[in-house]
Structure formats: structure tokens, C-alpha cells
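Okay, so here's the structure we're looking at.
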Number of protein chains: 2
Amino acid sequence: MRTSSVDQIILEVLAQEHAHLTSLQIFEVIRERLPAVNQSTVYRALERMAKRGQVSVSDMGTGSAVYELVADGRHHHLVCQVCGCILTIDHEEVGRFFTEIEAQNQFKIATNHLILFGVCGECGKNGG
Amino acid sequence: MRTSSVDQIILEVLAQEHAHLTSLQIFEVIRERLPAVNQSTVYRALERMAKRGQVSVSDMGTGSAVYELVADGRHHHLVCQVCGCILTIDHEEVGRFFTEIEAQNQFKIATNHLILFGVCGECGKNGG
DNA sequence: AATTATAATGCATTTGTTTGCAACTGCAAT
DNA sequence: ATTGCAGTTGCAAACAAATGCATTATAATT
């Protein structure tokens, strides 16, 4: 597999931050080291790395997708549509569900970062 | 709740088609009846109806989101990233999983159309 | 019927993301 | 070193979706 400098830097950036970063945030960090890099190059690099399973892409309902290192550990999120809070759930029970679905449908699931929207306990209490 | 003519037409269109439609497809049908309607009005109407739980929004990886009547029955999809085929799974086992997650996190899930990406049995055999 | 408050709409603009194409780069075989 | 090829990049343009603001429509209230 051919090495791309942009891919390398993205991996380093994500490894340093251990967080959900938008492509713009990633782009801006990369630009400090490679000022000439184009934004679509970053998009393509992220797409490539997502296909390889190195990073996860998630729409958390914030307007732009966020990226994260898969090596940081498989986890998933519950996003409250009222207050915007984000609960993290680990892969354990999600994994059981995935395995079930896979067995029943002869399908290998690649989705590695599940996002479920809804209402958190706090907002459920207050809002009705 | 206030009634919008666009909302009404969208409901009728989706009820007629019983399918996943893109906002552009919906827009074009609406334009036949209300030629002056703007595309952002359609986006806003769909967003409104999704918030009410009348329609589901899903990114099936086709470039644009698709909308569907929730009243048509809760179901979910497995999308093959190799051949693009779409398997439909009903709400039963997904519902059990949702209930589990809800109980463990005091969270009410609103997501009503789950999309999981991966590789179908056929492509798994051929591709390795 | 007139008034008011609220929600919906059109238009133009902006944002986020993808794509086509030509140029370039890294790697392997010669 | 040269060639060839596939993968990567920049640029501009296309596309999908969201937004700010002024206007209009709707339902409730008077």
C-alpha cells in the first residue's frame, strides 16, 4: 500500500487528540505542516482511511461529520436532540446485536461507530 | 399544530410511492402541484416532519438522504458497500436492542431507521 | 372583521462535501 | 537512470443541505 504524507499526518493528529474532529479541524492542523494541502485532499484521505477501517466517520448532527481513530477503541454514542449531550456506550452490547444481525442475514457489518439520536433522561424528565 | 400545504403534499407523495425518495425527487413531484415552491421549503418541511416522527431520514450512502413514511412500518437496512445491494430487516430484533440500550442509559431512542453498512454474503464469498 | 403572535416561505447566500480532469508522485520492474 | 502504472493531489466546479432575513400565511384572540 502506498504511503501518503497526508494520511500519515492525519493519523498523528487523531492519535494526539483522541477526539472527534471535523475535517476542517484536521485540515487546519495539517496546513501548519503542509501549507499547500488542499481541502479535498483531506476529504479524500479521510475517505480512504475510513474504507481501510483506520478511522470512523460519524454524523453527530452537528452540521459536519466527525472523524476519530478506530484504534482508540470501539465505542458508540447516544446523542440527545434536546440538549445536545452525548453519551458514550462501549462496544459490548452493540457487538452482541451486530453479531446477531450478521448471523441472521449473512452480512458482515463494517459500521464501527453507531450514532443513535433521541432524548436523554434529564431532558425526558423536564420536557415531558 | 399548524398545517402546511407542502407538508400535506409530501405526506401524500410518500404515501403513494411507499419508497425511499430523495428530497429532489420529492421536490419535483411537489412542483407539479405547487410550481412556485422553493427547494429549501421542501428541506425545511422534511426536517419538520422528521422531528415529528412522521418521516424517517436515512443516509444510504447514495450521495443524498432519502425519506420515507414512518407509517409504512418500521424497518431497517443493511447496505452492501461492495455491490450496493440493500437488505431490509424488520424492527423486531432491532427493537429488542433499542430497548436494552434505552434501559441501560435512561435514554429514549428516536432514531427510527437504522442503516448499517458492510458486505453482503454474496460479495463476502467472492471478494474474500 | 380586525389584530396579533407564531410558523412557514422565498430568495440569496453560505457551508460541507464530492467529483472530473489533468498533472504529479512513489514504487516496482527493467 | 528510465519507464510504466496505479495511487494521490490541486483546482475548479458541481452538488446537497443549511441559514439569515424579510415577507407572507395561518390560527387564535379580540
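Below, each value reflects all heavy atoms present in this structure, side chains not excepted, and no hydrogens, waters or symmetry copies. Lettering follows sequence order; numbering is per chain, from 1. Just so you know, these numbers come straight off a predicted model, no measurement behind them.
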A:Leu21 CG to C:dG16 P, straight-line distance once rounded to whole Å: 15 Å
Distance, rounded to the nearest Å, where A:Arg31 contributes CZ and D:dG10 contributes P: 12 Å
Salt bridge (charged side-chain N to carboxylate O under 4.0 Å, His left out) partners of residues 103-118 of chain B, not counting sequence neighbours, each pair once: B:Glu102-B:Lys108
DNA chain C-proximal residues of residues 33-45 of chain B, any heavy atom under 4.0 Å: B:Ala36, B:Val37, B:Asn38, B:Ser40, B:Thr41, B:Arg44
Criterion side chain to side chain contact (heavy atoms under 4.5 Å, CB included) on A:Ile101 and B:Leu78, from CA distance to verdict: CA-CA 9 Å; A:Ile101 296 286; B:Leu78 304 178; 3.9 Å; yes
Donor-acceptor pairs are to be reported for all side-chain atoms of residues 27-36 of chain A against protein atoms at under 3.5 Å, with residues two or more places apart or in another chain.
{"residue": "A:Arg33", "atom": "NH1", "partner": "A:Glu12", "partner atom": "OE1", "Å": "3.1"}
{"residue": "A:Arg33", "atom": "NH2", "partner": "A:Glu12", "partner atom": "OE1", "Å": "3.2"}

Length of the CG-P vector between A:Asp59 and C:dT18, whole Å: 11 Å
side-chain hydrogen bond (donor to acceptor under 3.5 Å, both in side chains) against A:Ser58, all qualifying residues, sequence neighbours excluded: A:His113
side-chain contact (heavy atoms from CB on, under 4.5 Å) against A:Gln16, all qualifying residues, sequence neighbours excluded: none
Value in whole Å for how far the C1' atom of C:dG16 lies from OH of A:Tyr67: 10 Å
Distance, rounded to the nearest Å, where A:Ile30 contributes CD1 and D:dT8 contributes P: 14 Å
Short heteroatom pairs, N/O only, protein and nucleotides 22-24 of chain C, under 3.5 Å:
none

Rounded interatomic separation in angstrom, taking CG from B:Asp7 and P from D:dT26: 12 Å
Pairing residues for B:Cys83 by the side-chain contact (heavy atoms from CB on, under 4.5 Å) criterion, not counting sequence neighbours: B:Cys80, B:Cys85, B:Cys120, B:Cys123
Aromatic ring proximity B:His91/B:His75, centre distance under 6.0 Å: no
Inter- and intrachain pairs under salt bridge (charged side-chain N to carboxylate O under 4.0 Å, His left out), touching residues 54-77 of chain B, at least two apart: none
Nearest-Å distance for atom pair CG/P, residues B:Leu46 and D:dA17: 10 Å
Counterpart residues, salt bridge (Lys or Arg N to Asp or Glu O under 4.0 Å), relative to B:Glu93 (two or more places apart): none
Earlier contact from the 5' end, DNA chain C, for A:Glu47 and B:Arg48: B:Arg48
Nearest-angstrom distance from the residue atom CZ of B:Phe27 to P of D:dC15: 15 Å
